[in-house]
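Heads up: the structure comes next, in structure tokens.
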Amino acid sequence: DVVVSAGGGAAGRDLAKAAVAAARDSSASRRWCLITGPNLPQADFDAAAAAAPAHLALFRFRKDFPALLAAAELSVSQSGYNTVGDVLQAGCRAVYVPFAAGGETEQTVRAGRLRRLGLATMIPEDALTPQRLAAAVEAGLAGPRPPSHRLDLDGARKSAAILRRLVD
């Protein structure tokens with residue numbers, strides 16, 4: 001029902017920790033999946049595994065991430081470029097907690113734009129708590145699926161075509 005992903009995991013400790021606590025406080029009738037990313041330190045992964053409730057499955061990585069999103073009711077993630085593309089293609093509800101440490105703005109700008117388009121909810125990284133995350137998940141699950149959008153998600157193919165034309 002709820003897929004939480006922390007990208008590569010190096011900067012996802014707080015999201016993983018909040019997700020475990022939010023899942024623990026949520027109804028056991030909802031299944032949660034937490035993908036920590038391969039770069040989450042082992043001690044943090046072990047702590048998440050020890051605290052995870054029975055209805056939360058914990059993984060470092062899933063090869064079937066796009067298919068998992070397509071079957072999910074809601075995605076919770078940072079708002080990295082690839083993850084946002086996968087979420088938009090899946091059409092599931094989304095809650096973004098954009099990475100903003102060290103003055104980073106890319107993910108915050110992206111998540112804010114999607115929020116303004118009605119395609120997502122956003123929790124600023126410095127405002128993330130298990131309670132806020134749980135409330136955003138419950139509100140997201142209770143709301144409608146996001147509206148259809150006209151965002152062009154075929155940038156890789158189009159970029160390759162442009163590069164081929166330039167080379168020719």
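All values below come from the heavy atoms of this structure, side chains included, with hydrogens, waters and symmetry mates left out.
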Just so I know, are the side chains of [X] and [Y] near enough to count as touching, which here means a heavy-atom distance under 4.5 Å?
X: C92; Y: E73; result: no
X: R93; Y: P146; result: yes
X: S26; Y: H55; result: yes

Quick check against the 3.5 Å criterion: does [X] have a side-chain atom that pairs as donor or acceptor with the backbone of [Y]?
X: R30; Y: V2; answer: no
X: R116; Y: G112; answer: yes
X: S79; Y: Q107; answer: yes
X: R132; Y: A127; answer: yes

Checklist entry - Does atom CZ of R60 have more than 12 heavy-atom neighbours, drawn from other residues, nucleotides or ligands, at distances under 6.0 Å? => result yes
Rounded to the nearest 0.5 Å, what's the gap from [atom1] on [X] to [atom2] on [Y]? Could you check?
X: F61; Y: S5; atom1: CZ; atom2: OG; value: 11.5 Å
X: R115; Y: Y96; atom1: CZ; atom2: OH; value: 13.0 Å
X: C33; Y: F65; atom1: SG; atom2: CZ; value: 9.0 Å
X: E138; Y: L133; atom1: CD; atom2: CG; value: 10.0 Å
X: S29; Y: D1; atom1: OG; atom2: CG; value: 7.5 Å
X: I35; Y: L68; atom1: CD1; atom2: CG; value: 5.5 Å

What is the minimum heavy-atom distance between [X] and [Y], and which atoms define it?
X: G12; Y: L40; answer: C-CD1, 4.3 Å
X: L58; Y: A48; answer: CD2-C, 4.0 Å
X: T83; Y: S77; answer: CG2-OG, 3.4 Å
X: F99; Y: T108; answer: O-OG1, 4.3 Å
X: A111; Y: P98; answer: CB-CG, 4.0 Å
X: L56; Y: A19; answer: CD1-O, 4.2 Å

Are [X] and [Y] connected in the hydrophobic side-chain network, where two residues link if heavy atoms are under 4.5 Å apart?
X: V3; Y: L141; answer: no
X: L69; Y: V84; answer: yes
X: L74; Y: L34; answer: yes

Checklist entry - Can you check side-chain contact (heavy atoms from CB on, under 4.5 Å) on V76 and L15, steps first, answer last? => result CA-CA 9 Å; V76 176; L15 178 58; 4.0 Å; yes
